[in-house]
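These notes are about the structure you will find just below.
In what follows, every heavy atom counts, from backbone to side chain, and hydrogens, waters and symmetry copies are set aside. In the text below, chain A, chain B and the rest are named by the order of the sequence lines, each starting its count at 1.
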Protein chains: 2
Amino acid sequence: MEDRGTFDHLPHKTIARLSQYRRALLLCLSRGKSHIFSHEIATIQHITPVQVRRDLMLIGYSGTLRKGYNIKELISLIGNIIDSEEGLKVAIVGMGNLGRALINYFSGKRHKLSIIAGFDTNPDKIGNTMNGVPCYSATRMREIIEKEGIQIAIITVPAENASQTANELVAAGIKGLLNYTPKPIDVPEYVYLEEYDMITTLEKVAFYVKMKTLEEKGITTI
Amino acid sequence: MEDRGTFDHLPHKTIARLSQYRRALLLCLSRGKSHIFSHEIATIQHITPVQVRRDLMLIGYSGTLRKGYNIKELISLIGNIIDSEEGLKVAIVGMGNLGRALINYFSGKRHKLSIIAGFDTNPDKIGNTMNGVPCYSATRMREIIEKEGIQIAIITVPAENASQTANELVAAGIKGLLNYTPKPIDVPEYVYLEEYDMITTLEKVAFYVKMKTLEEKGITTI
DNA sequence: AAATAATTGTTAATAAAATAACATTGTTAT
DNA sequence: ATAACAATGTTATTTTATTAACAATTATTT
């Protein structure tokens, strides 16, 4: 009996950090390091060593005292947790600036997760290849998703088309969605949805800058 | 005695939702609606009505029973909380695909928050204007930030230049940073930092897709 | 050989966020 | 007039996430 599925109670934040640890670890490995301490990982990620150790405890990995964690082993374990054995295919819907940015960020970085198709409605883009990713007509979305077995889609279309696009993707059998439009979408419970709204994030930064400014004024004028 | 500063204990998540509420409200207003119920806001944002009411309670806004919340008033209150009276200026550092995407997303959407400068090292880009935003040489960053009083910067340079860029921005007097590179940066405590890592987010989606798939297999095969 | 220091792994405590429970209050219907 | 209903506002509870505390262990120093 395998113990895949053991990891289904990991905190969401831990999952995100594991992905980041892996990237840091890959970098360390490429520099010839073989072991690493929790406080080293912590420094790279700007978090506390305790948090690192706790995350690693949760995934059941043990380091050796005074030597730290074996980088190769840890990378491999994180891979077992995050990656799908067979790999997952990803599509970008909307090949505008953001879509292309994502392709550049991602191209060839993870072999278990690859962007293999882009979709757009602009005839000038259809038929082109960007960074190795072919751009298809949005009308062929379902066909290609089914044919290629694409399971994840990133929505980078204009906000007004977001929900329509999401519906089509769900109908096409997509299992995970990453929505970069500011328009919240909704999906059946069997689809995992992650929303990220750039405008909100910027406004949040603005709010905290304002707060810091007010604080300063408070301190200097009273 | 003013009560600005009253809002400095709002939960981070509430701040983010307020920004989203405002956007939804502006849309409703433009459609001629004058009042809105908590459950309507909730439906738009795919959250619960309780969450909405709680957030509004925290900012001290009261609706009227059976009529809901006055949209104009609420928009204005959220503006008082999030926006700086004088407005804040934003710079984009790195005018690649992501930088340009952000400019498109944002251009002219918030008059209290405007992207007024872009920086890049590519001579082909320097001197151009993109969506009304001039692109300057990265060597002039400090000069222009100081001259224009820019307080927020969005980092969209290649990962390997992230920390260097951040240092320069901090030295130039930036108060808030939004880092879109996958490389964590660090800044003095008087600078507000928000990091967003696209690769991690995608890997997180991949993890949950994997989990859902395993669950299904579990259910159908056992 | 003993003492010290450095590090892991785990449990306990705290803090932050979301959810539930429910009291209150107008409005409508009977 | 009274009952039923639909909404808000608030307190209490639960859940999630982080941080702190500390025991255990091994390497190093004296």
Candidate list B:N179, B:T201, B:T181, test side-chain contact (heavy atoms from CB on, under 4.5 Å), partner B:Y196, passing option: B:T201
Return the value, rounded to whole Å, for the distance between atom CD1 of B:I15 and atom C1' of C:dA17. 14 Å
So, is A:S62 close to the C:dG9 phosphate, meaning a side-chain N or O under 4.0 Å from OP1 or OP2? yes
Remember a base hit wins even if backbone is also touched, and classify A:S38 as base, sugar-phosphate or nothing at under 4.0 Å, heavy atoms. sugar-phosphate
Distance check needed: C:dT8 P versus A:L56 CG, whole Å only. 9 Å
Using the side-chain heavy atoms of A:V50, tell me which of these nucleotides is nearest: C:dG26, C:dT10, D:dA7. C:dT10
Against the side chain of A:R66, the closest entry in C:dA6, D:dT8, C:dG26 is C:dA6
Phosphate contact (D:dA27 OP1 or OP2) by A:K67 side-chain N/O below 4.0 Å: no
Figure out the CD/P separation between A:Q51 and D:dT19, and round it to whole Å. 6 Å
Under the side-chain contact (heavy atoms from CB on, under 4.5 Å) rule, what do A:K175 and A:L88 come out as? Steps first, then yes or no, please. CA-CA 10 Å; A:K175 289 292 171 50; A:L88 289 176; over 6 Å; no
Other residues, nucleotides and ligands only: do more than 12 of their heavy atoms fall within 6.0 Å of NZ on A:K67? no
Name the orientation class of the two ring planes belonging to B:Y69 and B:Y61 (parallel below 30°, tilted from 30 to 60°, perpendicular beyond 60°). tilted
Of D:dA17, D:dA7, D:dA12, the nucleotide closest to the side chain of B:R54 is D:dA12
Can you tell me the distance, in whole Å, between the CG atom of B:L58 and the P atom of D:dG9? 12 Å
Write down the distance between CD1 (A:I41) and C1' (C:dT8), rounded to a whole number of angstrom. 12 Å
Is the count of non-hydrogen atoms from other residues, nucleotides or ligands lying under 6.0 Å from B:K183 atom NZ greater than 12? no
When the distance from CG of A:L65 to P of D:dT26 is rounded to whole Å, what number comes out? 6 Å
Take atom CZ of B:R53 and atom P of D:dT8, then tell me their distance rounded to the nearest Å. 6 Å
Quick one: B:M57 CE to D:dA7 P, roughly how many Å, whole number? 21 Å
